[in-house]
Amino acid sequence: MPAHNVVLETLGRRIRLGVVGGGSSSLIGNVHRSAARLDDRFEVVAGVVASDPDRSRSEGRAAGLPEDRSYGSLDEMLDAEAARPDGIDAVAVMTPNHRHHPDCVAAAGRGLHIICDKPLTTSLDAARDLASHVHRAGVVFAFTHNYSGYAMVRQARAMVAAGEIGEVRQVGVEYLQGQLSTYVEPDAPERLKWRLDPARGGPSPVLGDIGTHAHQLACFITGMPVSRVAADVGPTVPERTTDDYAAMLLRFENGARGTLWVSQAASGAENALRVRVYGSKGGLEWAQRSSDHLMHVAHGRPAQTISMGLPNLSPAATRAARMPPGHPQGFFEAFANIYSDAAEAIAARLAGTTADPLALDFPTVDDGVRGMAFVEAAIRSGRGGGGWVDCAT
């Protein structure tokens, strides 16, 4: 990201952020708060971090929030902050999935800008409704599909858009985890228990948790939506009743064919995320395990490894690269790139100015709607025997 602080230049202060969710039992809560602070564009000033009011206040204070701004409920925070001259400008929502819709709707109704964790909601109908609230309110909505914040993912997107691999013809994306490779449900910690509860986590844990990431990554790099899917979705661990596996064929808007494979029950897998895109003139391959490098293969020519931080990268990749070649950057920095881009968009909105177009390429509420359309289409296909189903938003 740029060394200078665009937000301070635009507003004369940091954006005041209230956090919703992300208490002591949450893995992602600390990631969000750290990402928000990394480029000094946000100040985390308030929060409601747990569903129990007393625990929320105590855990908020433990996380460094001021005592009088560690709230017991979202309504309490919204009311109190609205009455302050230095009230929050935005909220970061990282509650369990079933709370995303009501929490974001409430924030949009107060005119607050929103950064929300994925998946957008637990149903396509709720996603559509949330998007309508966001658009009517006219607020900035950043959606933390953080893998699109990696510099070399943005380089891949730019190369596809520039025609460097020709017309996209084939796409393969996979995301494998091993955390659910054994039957843990009876004794699962709360951070897993709610994900495995359809009422709170949604109808398909694997599709909501990591399927939406894989889907968004493929669409982000190619610049094209998935129009149809033919899926096999279900559990692979004995006794499990919720989905831990999905594999499917994809058809993109331009007719390109693709495959998507995601699992949370791949024994030994360590967040193995990889995407490959092949066109009429060559291909690209990126893996999170070596996130600072992008493989480019032009037809009939030797393979080339493109490194993060080198000269002559696309403006989007240069913007996202924080370190020179050889100094690795990873998950937290990619997450922070989404936050920093959102901060520029929010600051411009608050100041009545125009944001740098490079700051506006973060995922939005509309990407979240497309993700839920993908989830519901894959479930319908899988439950119906694997036939083709349209991803209609």
Side-chain angles (χ1 to χ4, degrees), residues 97 118-124 127 145 147 168-185 192 195-198 201-222 224-278 285 287-288 368-393:
N97 300 347
K118 55 79 213 163
L120 187 62
T121 56
T122 56
S123 74
L124 178 56
H145 276 307
Y147 303 109
V168 174
R169 293 176 175 173
Q170 299 179 45
V171 180
V173 60
E174 60 189 56
Y175 193 167
L176 307 178
Q177 298 176 335
Q179 63 179 340
L180 294 178
S181 58
T182 58
Y183 184 63
V184 299
E185 278 80 340
L192 287 181
R195 295 178 188 278
L196 296 168
D197 175 5
S204 176
V206 71
L207 287 173
D209 252 8
I210 59 176
T212 52
H213 273 314
H215 166 264
Q216 190 270 341
L217 186 62
C219 295
F220 182 80
I221 290 175
T222 62
M224 299 184 300
V226 172
S227 59
R228 306 179 74 202
V229 299
D232 177 21
V233 182
T236 60
V237 174
E239 298 186 75
R240 178 163 294 146
T241 58
T242 56
D243 302 334
D244 59 29
Y245 168 93
M248 64 193 77
L249 302 176
L250 310 175
R251 192 67 56 85
F252 288 82
E253 187 177 62
N254 76 334
R257 287 171 161 83
T259 59
L260 182 148
W261 173 28
V262 292
S263 175
Q264 293 174 307
S267 299
E270 298 176 340
N271 288 290
L273 174 63
R274 182 172 67 166
V275 60
R276 290 171 287 185
V277 181
Y278 295 98
E285 180 174 342
Q288 183 174 224
V369 173
R370 283 188 283 271
M372 288 312 303
F374 157 77
V375 168
E376 293 205 356
I379 291 172
R380 289 200 308 275
S381 175
R383 304 292 189 260
W388 286 100
V389 173
D390 290 340
C391 297
T393 57

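We're numbering straight along the sequence, starting at 1.
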**Asked** Going by heavy atoms in the side chains, are V206 and Y245 under 4.5 Å from each other?
**Response** no

**Prompt:** How many angstroms lie between atom CZ of R169 and atom OG1 of T222, to the nearest 0.5 angstrom?
**Reply:** 15.5 Å

**Fill in**
Residues Q288 and N271: closest non-hydrogen pair is NE2-O, 3.4 Å

**Asked** How about D209 and Q264: does a side-chain donor come under 3.5 Å of a side-chain acceptor?
**Response** yes

**Message:** A side-chain contact here means heavy atoms from C-beta on lying under 4.5 Å apart; do V375 and P119 qualify?
**Reply:** no

**Item:** Flag for T122-N97: side-chain donor and acceptor within less than 3.5 Å
**Value:** no

**Request:** Please name the pair of heavy atoms, one in V233 and one in A378, separated by the smallest distance, quoted to 0.1 Å.
**Result:** CG2-O, 3.7 Å

**Asked** With a 4.5 Å heavy-atom cut-off, do L180 and L196 have their side chains touching?
**Response** yes

**Item:** Verdict with supporting geometry, L176 and R274, side-chain contact (heavy atoms from CB on, under 4.5 Å)
**Value:** CA-CA 9 Å; L176 307 178; R274 182 172 67 166; over 6 Å; no

**Fill in**
Note: T242 and E185 closest approach over all heavy atoms is OG1-OE2, 4.3 Å

**Request:** Look at the side chain of D390 and the backbone N and O of A392, then say whether any donor-acceptor pair between them is shorter than 3.5 Å.
**Result:** no

**Request:** Without swapping roles, check the side chain of T182 against the backbone of V184 for a donor-acceptor pair under 3.5 Å.
**Result:** no

**Prompt:** Do side-chain atoms of D232 reach the backbone of A247 as a donor and acceptor pair under 3.5 angstrom?
**Reply:** no

**Request:** Report yes if some heavy atom in the side chain of D243 is under 4.5 Å from a heavy atom in the side chain of P235; otherwise report no.
**Result:** yes

**Message:** Could you check whether any side-chain heavy atom of V229 comes within less than 4.5 Å of a side-chain heavy atom of R380, counting everything from C-beta outward?
**Reply:** no

**Message:** Walk me through whether F252 and V171 qualify under side-chain contact (heavy atoms from CB on, under 4.5 Å).
**Reply:** CA-CA 9 Å; F252 288 82; V171 180; 3.7 Å; yes

**Message:** Are the side chains of F220 and V275 in contact, using a 4.5 Å heavy-atom criterion?
**Reply:** no

**Complete:** On a heavy-atom basis, the closest approach of P203 and R383 is O-NH2, 4.2 Å

**S181 side-chain N/O to S267 backbone N/O, donor-acceptor pair under 3.5 Å** = no

**Evaluation steps, side-chain contact (heavy atoms from CB on, under 4.5 Å), between R276 and E174** = CA-CA 9 Å; R276 290 171 287 185; E174 60 189 56; 4.1 Å; yes

**Message:** Can you confirm whether Y147 sits close enough to L273 that some side-chain heavy atom of one is under 4.5 Å from a side-chain heavy atom of the other?
**Reply:** yes

**Item:** Flag, side chain of S381 to backbone of A377, donor-acceptor distance under 3.5 Å
**Value:** no

**Request:** Please round to the nearest 0.5 Å and tell me the distance separating atom NE2 of H145 and atom CG of L120.
**Result:** 8.5 Å

**Asked** Among M248, H215, E376, M372, which residue meets the side chain to side chain contact (heavy atoms under 4.5 Å, CB included) test with L207?
**Response** M248

**Prompt:** If you look at every heavy atom in F374 and T212, which pair is closest and at what distance?
**Reply:** CE2-N, 4.4 Å

**Message:** Are the side chains of R251 and R257 in contact, using a 4.5 Å heavy-atom criterion?
**Reply:** yes

